[in-house]
Amino acid sequence: MRRIVSKLPEVGTTIFTTMSSLAKKCSAINLGQGFPDFDCPQEIKDRINFHLQQGRNQYAPMSGVPELKWAIADKIKRSYGLELDADREVTVTAGATQGLFTAIMALVGRGDEVIVIEPAYDSYVPSIVLAGGKPVTCELDPPDFTMNWERMASLVTSRTKLIVINTPHNPIGKIFSEKDMLALQDLVTTHDLFVLSDEVYEHLVFDDANHQSVCRFKALFERSFAVYSFGKTFHATGWKMGYVVAPEDLMKEFRKVHQFNVFSANSFVQYALADILTNPASYDYLPSFFQKKRDLLSHHLAGSGFRPISCEGTYFQLFDYTKLSDMDDLAFCKYLTTQHGVAAIPISVFYTSQRQAGVMRLCFAKKEDTLISAAARLQRVRQ
């Protein structure tokens with residue numbers, strides 16, 4: 001019998017699948033996997049239904065429905081001041097992860113080095129490996145997870161091709177400042193590098209801060225892919241709808257892969273999103289909406305042994321649990337699920353080194369009652 005040689009021999013079932021299955025088995029409140037337990041706005045569902053009834057059921061154009069691409073370009077200009085050519089610099093994708101994968105496959109070749117900031121979203125490294133590249137990790141400095149740009153610069157070699165950034169950052173909830181982005185811009189222009197910017201939580205930025213997109217910085221955008229998610233913006237992760245913006249020369253290479261990867265994203269949701277996106281009120285409320293949830297969870301965990309680590313964006317909050325246990329984070333998260341009925345995600349899984357950090361991630365994209373009930377269970381955890 002012919003033996004299969006795995007292209008990803010070290011990859012197994014994701015922690016999100018593992019913890020969600022355990023949560024279901026234990027009837028636990030799932031604050032692990034990052035999805036809301038509330039529905040998307042009714043207006044969007046109504047527009048989807050409208051376009052279904054209009055027979056929008058066949059292939060969309062490869063790069064996306066023109067009306068949606070124009071709406072995206074208008075949104076980028078309004079948000080970040082960048083004028084895009086909607087026909088040449090915007091592509092609609094089957095989710096942000098497909099956009100990330102396609103950008104890496106379009107840009108990275110065998111032997112190319114790609115710098116990944118850790119902790120990191122789990123799709124980056126496998127995608128780099130599949131493209132034949134070599135991931136090079138740059139760890140953020142605990143306990144506050146700050147970026148050391150001198151360390152980043154020291155990792156650049158003659159083989160370095162790409163730097164992957166994520167702001168607002170999953171899992172740590174940090175955002176890059178203008179100073180960070182200028183440091184990145186200086187680094188990539190000096191060494192002639194490219195950037196893949198994962199900005200799926202662009203609207204989930206708290207405490208009156210502004211999202212510093214690569215689209216705000218001319219020299220940075222000229223060598224960047226920026227990836228976005230409609231699922232995160234409209235509470236509908238199951239749609240798997242996203243988009244990528246990039247300068248024309250990069251987008252040409254992106255589309256060469258995209259057309260043989262998925263060809264096009266589903267049609268009727270694209271038309272509905274084009275309708276909704278013309279109204280900025282459909283997403284402008286998100287910072288205050290999710291900040292209230294962040295603050296609610298932290299308020300109800302006050303006085304417990306869980307120490308919150310500053311959350312500046314996303315819908316994830318890190319908590320240090322070392323006052324409660326010396327268990328490694330995977331064991332502790334399983335313990336919380338099985339013994340206290342709350343599922344969390346260990347932060348060590350976001351590192352290639354699988355180190356034990358004494359920190360776990362909770363998702364607060366939940367109904368208020370869900371967060372209050374979960375916090376009440378966590379308050380009962382004792383040393």
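Values below: every heavy atom of this structure, side chains too, minus hydrogens, waters and symmetry copies.
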Quick one about [Y] and [X] (side-chain donor to acceptor, distance below 3.5 Å, no hydrogens or angles considered), yes or no?
X      : Y      : value
Ser304 : Gln379 : no
Thr14  : Thr17  : yes
Glu202 : Tyr80  : yes
Gln212 : Asp180 : no
Gln42  : Asp46  : yes
Asp320 : Thr322 : yes
Glu150 : Ser154 : no
Asp198 : His169 : no
Tyr285 : His203 : no
Gln58  : Ser267 : no
Thr314 : Asn170 : no
His258 : Gln98  : yes

Can we call the ring centroids of [X] and [Y] under 6.0 Å apart?
X      : Y      : answer
Phe268 : Tyr271 : no
Tyr321 : Phe332 : yes
Tyr243 : Tyr228 : yes
Tyr335 : His340 : yes
Phe364 : Tyr315 : no
Phe254 : Phe101 : no
Phe35  : Trp239 : no

In Å and rounded to the nearest 0.5 Å, what is the OG to CG distance from Ser288 to Asp295?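 So the OG of Ser288 and the CG of Asp295 are separated by 11.0 Å.
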
Could you give the distance from CD1 (Ile44) to CG (Leu273), rounded to the nearest 0.5 Å?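 Going from the CD1 atom of Ile44 to the CG atom of Leu273 covers 6.5 Å.
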
Is the backbone N or O of [Y] less than 3.5 Å from a side-chain atom of [X], with the two atoms forming a donor-acceptor pair by type?
X      : Y      : result
Asn166 : Pro168 : yes
Arg361 : Gly32  : yes
Arg377 : Leu336 : no
Lys240 : Ala96  : no
Gln317 : Ile309 : yes
Ser224 : Ala226 : no

Heavy atoms only: give me the nearest [X]-[Y] pair and the separation to one decimal.
X      : Y      : result
Ser282 : Ile276 : OG-O, 3.5 Å
Ala374 : Leu31  : CB-CD1, 3.6 Å
Leu330 : Pro346 : N-CB, 3.7 Å
Glu312 : Ile175 : OE1-N, 2.9 Å
Cys26  : Thr337 : CB-O, 3.8 Å
Leu324 : Val381 : CD2-O, 3.6 Å

Considering the options Leu193, Val188, Asp186, which one meets the side chain to side chain contact (heavy atoms under 4.5 Å, CB included) requirement together with Thr190?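 When side chain to side chain contact (heavy atoms under 4.5 Å, CB included) is applied between Thr190 and each of Leu193, Val188, Asp186, only Asp186 qualifies.
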
Let's go through Glu199 and Thr167 carefully: what are the C-alpha distance in whole Å and the side-chain angles of both, what is the deciding distance for side-chain hydrogen bond (donor to acceptor under 3.5 Å, both in side chains) to 0.1 Å, and is it a yes or a no? CA-CA 6 Å; Glu199 303 184 17; Thr167 181; over 6 Å; no

Salt bridge (Lys or Arg N to Asp or Glu O under 4.0 Å) for Lys367 and Asp39? Distances and angles first, verdict last. CA-CA 10 Å; Lys367 299 173 185 174; Asp39 204 0; over 6 Å; no

With a 6.0 Å cut-off (strictly less than), is the heavy-atom count around [atom1] of [X], excluding the residue itself, greater than 12?
X      : atom1 : answer
Tyr59  : OH    : no
His299 : NE2   : no
Arg159 : CZ    : no
Lys45  : NZ    : yes
Lys334 : NZ    : no
Glu368 : CD    : no
Asn57  : CG    : yes
Arg88  : CZ    : no

Arg294/Asp207 salt bridge by N-O under 4.0 Å criterion: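 The answer is yes: the pair qualifies as a salt bridge.
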
Taking only residues two or more places apart in sequence or in another chain, which ones pass side-chain hydrogen bond (donor to acceptor under 3.5 Å, both in side chains) with Asp192?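 Asp192 satisfies side-chain hydrogen bond (donor to acceptor under 3.5 Å, both in side chains) with Arg223 only.
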
Kindly indicate whether the side chain of Leu155, heavy atoms from C-beta on, has any atom under 4.5 Å from the side chain of Thr160.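 Of all side-chain heavy-atom pairs linking Thr160 with Leu155, none is under 4.5 Å.
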
Go through the steps for Arg47 and Glu43 under the test salt bridge (Lys or Arg N to Asp or Glu O under 4.0 Å), then give the verdict. CA-CA 6 Å; Arg47 296 312 299 168; Glu43 182 184 6; over 6 Å; no

Should [X] and [Y] be regarded as members of a common hydrophobic cluster, given that ILVMFWY residues are connected when their side-chain heavy atoms come within less than 4.5 Å of each other, either directly or indirectly?
X      : Y      : result
Val90  : Val257 : no
Ile76  : Val205 : no
Ile115 : Ile172 : yes
Leu184 : Val116 : no
Ile165 : Val114 : no

Aromatic rings Phe234 and Phe230: how do their planes relate, parallel, tilted or perpendicular, breaks at 30° and 60°?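 Rings of Phe234 and Phe230: parallel, as their planes differ by under 30°.
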
Distance-only criterion, 3.5 Å: show the donor-acceptor pairs between side-chain atoms of residues 60-70 and protein atoms not counting sequence neighbours.
unit_1: Ser63; atom_1: OG; unit_2: Lys69; atom_2: NZ; d: 2.7

So, is the end of the Lys174 side chain (NZ or CZ) under 6.0 Å from the ring centre of Phe176 and within 45° of the ring's axis?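 Lys174 over Phe176 ring: no.
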
Please step through salt bridge (Lys or Arg N to Asp or Glu O under 4.0 Å) for the pair Glu89 and Lys252, ending with a clear verdict. CA-CA 9 Å; Glu89 298 180 317; Lys252 282 182 178 179; over 6 Å; no

Stepwise, does the side-chain hydrogen bond (donor to acceptor under 3.5 Å, both in side chains) test hold for Thr97 with Tyr121? CA-CA 10 Å; Thr97 300; Tyr121 178 58; 3.0 Å; yes

